[in-house]
Amino acid sequence: MFDSTSFIEEAAQKMKDEIEDIAIIACSGGIDSTVAACIANSAIGNLLHCVYVDTGFMRKNETEEIKEMLHELGLNLTVVEASERYFEALKGVEEPEAKRKIIGEVFIRIFEEEQIKVGAKYLVQGTIAPDWIESGGGGRDTIKSHHNVGGLPEDMTLIVVEPLRDLYKDEVREVGRELKIPSSNRQPFPGPGLAIRCLGELTRERVEIVRESCAIVEEELELAATNGEIEIPWQYFAALLPVKSVGVHGDVRAYGETVVVRAVQSLDGMSARYSPITHNVLQKISTRITNSLKDSVNRVVYDITHKPPGTIEWE
Ligand code: XMP
């Protein structure tokens with residue numbers, strides 16, 4: 001039986017013993033990095049510098065909400081606006097693994113720059129067990145290079161500390177609740193953000209379509225769950241496919257983008273079952289997406305694949 005109170009005490013003590021100098025942590029606002037930052041903050045206090053990178057791949061209004069939450073948790077925070085840099089590095093890149101590697105590398109380079117500024121020797125990361133297992137750890141095949149694992153360049157000089165390495169998602173959430181972190185019950189959001197929900201080449205316009213579609217999916221499913229129409233899925237979002245299809249816009253032929261809606265039930269993200277969302281709710285989502293993005297999206301589909309054989313994200 002997992003005991004979050006003793007986990008927090010032991011993890012903090014281990015960090016106190018391990019970290020002898022200034023450390024930085026990348027805070028994404030997600031539960032993993034926030035839990036890691038709070039434990040590190042209690043272990044080493046002023047030695048910890050938290051950095052939030054605005055990659056340009058965050059959800060609607062997310063950056064403002066995260067900044068507020070991290071300040072309220074008492075973390076010593078620096079915000080780096082880096083979207084231009086990410087879009088530039090990813091220009092023309094379509095292959096999912098190549099995208100992930102570049103995103104991981106830009107992320108680490110930014111941290112190296114911050115490291116130099118603050119003189120950090122350690123990098124605290126919120127890597128959890130499924131991240132390194134699926135990145136080919138423990139003798140397994142690589143399924144996806146997770147952002148905070150596969151992207152680490154070989155010449156990196158920081159010493160990596162990963163206090164949550166052995167935990168699964170439900171355990172991290174339990175620790176988060178114990179630490180009174182407001183996002184503990186929020187659905188998981190991948191490190192590379194909307195970049196891996198925008199299949200094919202990343203442009204600001206395409207990412208904007210995914211951002212708006214994800215916001216609509218979140219709003220409609222949360223509303224339906226509040227009304228008792230569905231059970232809230234473990235994770236729910238939209239992705240933009242690299243497929244255009246023919247439609248009609250007014251009386252005129254249109255050739256538009258395709259959005260896929262994904263909603264799954266899962267315990268830890270390692271396996272998942274697609275959520276049986278009612279047609280009524282799916283239809284509302286479809287109508288809202290095609291109305292609010294009528295100049296770009298003319299088709300919405302629902303993914304009914306379990307994991308395996310699919311994965312939860314599309315890249
Ligand atoms: P997949 O798509 O591999 O996702 O079935 C399993 C869970 O992991 C999340 N995910 C990531 N989380 N960095 C992360 O921190 C990543 O690179 C990454 N890729 C996928 C995904 O959202 C799901 O919850």
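As the structure lists them, so they are numbered: ligands from 1, and atoms in each ligand from 1.
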Can you confirm, on distance only, whether ligand 1 has an N/O atom lying under 3.5 Å from any N/O atom belonging to [X]?
| X | result |
| --- | --- |
| Gly191 | yes |
| Glu315 | no |
| Ile312 | yes |
| Glu313 | yes |

- Electrostatic pair Arg206-Glu201, nearest N-O below 4.0 angstrom: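 The answer is no: the pair does not qualify as a salt bridge.
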- Closer than 4.0 angstrom: is that true for some heavy atom of Arg100 and an atom of ligand 1?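 True for this residue.
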- Does Phe237 have a non-hydrogen atom less than 4.0 Å from ligand 1? no
- Query: Heavy-atom distance under 4.5 Å between the side chains of Leu70 and Cys50, does that happen here?
  - Reply: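 A side-chain contact under 4.5 Å is absent here.
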- Query: Within a reach of under 6.0 Å around CG of Leu223, are more than 12 heavy atoms found that belong to other residues, nucleotides or ligands?
  - Reply: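 Enclosed.
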- If you count the atoms of ligand 1 from 1 in the order shown, which ones are under 4.0 Å from a heavy atom of Thr311?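 Matching atoms, with element in brackets: 1 (P), 2 (O), 5 (O).
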- Under the ring-ring contact (aromatic ring centres under 6.0 Å, His included) criterion, do Phe87 and Phe57 qualify, and how do the steps go? CA-CA 10 Å; Phe87 277 106; Phe57 306 135; 5.2 Å; yes
- Query: With a 4.0 Å heavy-atom cut-off (strictly under), which part of Lys169 contacts ligand 1: side chain, backbone, both or neither?
  - Reply: neither
- What do the steps show when you test Arg100 against Glu315 for salt bridge (Lys or Arg N to Asp or Glu O under 4.0 Å), and what is the final call? CA-CA 9 Å; Arg100 281 173 173 272; Glu315 277 194 344; over 6 Å; no
